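To start, the structure itself, in structure tokens.
Small disclaimer: the values here were computed from a predicted structure and weren't measured. In each ligand, atom 1 is the first atom listed, and ligand 1 is the first ligand listed.
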Amino acid sequence: MGTNLRGRHLLSLKHHTSQEIEYLIKLSTDLKNKKLAGERGKLLEGKNIALIFEKASTRTRCAFTVAAIDEGGHSEFLGVNDIHLGVKESVSDTARVLGRMFDGIEFRGYSQKFVEDLAEYSGVPVWNGLTDDYHPTQVLADFMTVRENFGKLRGIKFVYVGDGRNNVANTLMIGAAKVGMHFTIAAPEELFPDPLLVEECIKIAEENELGGTIEITKDAKSAVKNADVIYTDVWASMGEEAKLAERKKILWPYQVNMDLIKAADNKNVIFLHCLPAVKGYEVTEEVFESTYGRQFDQAENRLHTIKAVMVASIGNL
Ligand code: CP
Ligand code: NVA
């Protein structure tokens, strides 16, 4: 099954099946155990990986870098001000040049079209490290963390609260539909996800017959009832800083605080956040520091899942 992923891009999770997602998580777990046992490997030996960043990053950049080194590969950081991409040189030209030098390319930036063009023209696997629309490597780490806590993905009640139309919410919804979760977004109506994407995800869930459901609601308190996972993200994503004041006006009822955690009425509920967190807004310090929080396991799992993504598509397996 793993060989299906050879040479493949990771652009949104839309093109990955439930089995492929489960495979990547299983591979991530194996690689995590290998690292915890103190072993380093050669699965990426001889592989050169380009890391293009238009937006800031702590976890994603470090995860790609450390993952490559752990398995004997080399990564090269290409900050947007260091290269000509999209300024003096078209994306397709840059893609064709990088594709002749690198074995794989990570891209973080604004436009989804940009990462799709890189994939189309480079001739090597391209991994989306976050765009305005999607954040697929994040969701693999999120699901790995869910599996570590509950032993499964299918049937999990997963509730995302806050900005319901950002890159993380969009990709969680796609992933949840793929693996058969009961997924809810609780958000103010202005921040509901794109209805076309919701429709697409409902169709994915119906067609794969894993029993997944998708619900969009304004009512955070009822949404979290019996939740296994309560997830939130920042109220203004990178590039949307000017919208923060407006967001604050409508998002207070969606803050993850102890009242919302209690409303789950599930002593095993866990709190997840992709990080970075702006404490006091989307999540209180109390919840963040509580025993419900798994956000640092989740952050660590970025390393193992990103390693698995690279190994599966270009590794010496
Ligand atoms: N969660 C996440 O993508 O973190 P960074 O922005 O630090 O990479
Ligand atoms: N939605 C956030 C995620 C950060 C990892 C952003 O795009 O800024």
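Between the side chains of N170 and R165, no donor N or O sits under 3.5 Å from an acceptor N or O. For the residue pair N208/K178, the side-chain donor-acceptor check at 3.5 Å is not satisfied. Side-chain contact annotation: N166 with D233, donor-acceptor N/O pair under 3.5 Å present. Side-chain N/O atoms of T145 and D297 include no donor and acceptor closer than 3.5 Å.
Shortest contact from atom 7 (O) of ligand 1 to any protein heavy atom: T58 N, 2.7 Å. The protein heavy atom nearest to atom 7 (O) of ligand 2 is N167 ND2, 2.8 Å. Looking only at heavy atoms of the protein, atom 3 (C) of ligand 2 is closest to D233 OD2, 3.6 Å. Looking from atom 6 (O) of ligand 1 to the surrounding protein, the closest heavy atom is R108 NH1, 2.8 Å. Taking atom 8 (O) of ligand 2 as the reference point, the nearest protein heavy-atom neighbour is M238 N, 2.8 Å. The nearest protein atom to atom 2 (C) of ligand 1, hydrogens excluded, is given as R302 NH1, 3.2 Å; this is a heavy-atom distance. Taking atom 4 (O) of ligand 1 as the reference point, the nearest protein heavy-atom neighbour is R59 NE, 2.8 Å.
Polar contact with ligand 2: present for S237 (N/O pair, distance under 3.5 Å). For a threshold of 3.5 Å applied to N or O pairs, the pair formed by T60 and ligand 1 contains at least one separation below that value. The N/O atoms of C274, backbone and side chain alike, include one that comes under 3.5 Å of an N/O atom in ligand 1.
Close approach of ligand 2 to L130 (heavy-atom distance below 4.0 Å) involves ligand atoms 3 (C), 4 (C), 5 (C), 7 (O). The Q138 neighbourhood of ligand 1 comprises atoms 1 (N), 2 (C), 3 (O), with distances under 4.0 Å to a heavy atom of that residue.
Using a 4.0 Å cutoff on heavy atoms, L275 counts as a contact of ligand 1. Judged by the shortest distance from any of its heavy atoms, L275 lies inside the 4.0 Å radius around the atoms of ligand 2.
Checked options D265, N266, T184; the residue passing with K225 is D265 (criterion: side-chain hydrogen bond (donor to acceptor under 3.5 Å, both in side chains)). A side-chain hydrogen bond (donor to acceptor under 3.5 Å, both in side chains) with Q112 is found for exactly one of T131, N167, D132, namely T131.
Counting only heavy atoms from C-beta outward, the side chains of M144 and T29 approach each other to under 4.5 Å.
Relative to the ring axis of F77, R61 places its NZ or CZ within 45° and under 6.0 Å from the centre.
Using bins of under 30°, 30° to 60° and over 60° for the plane-to-plane angle, the ring pair F114/F107 lands in the parallel bin.
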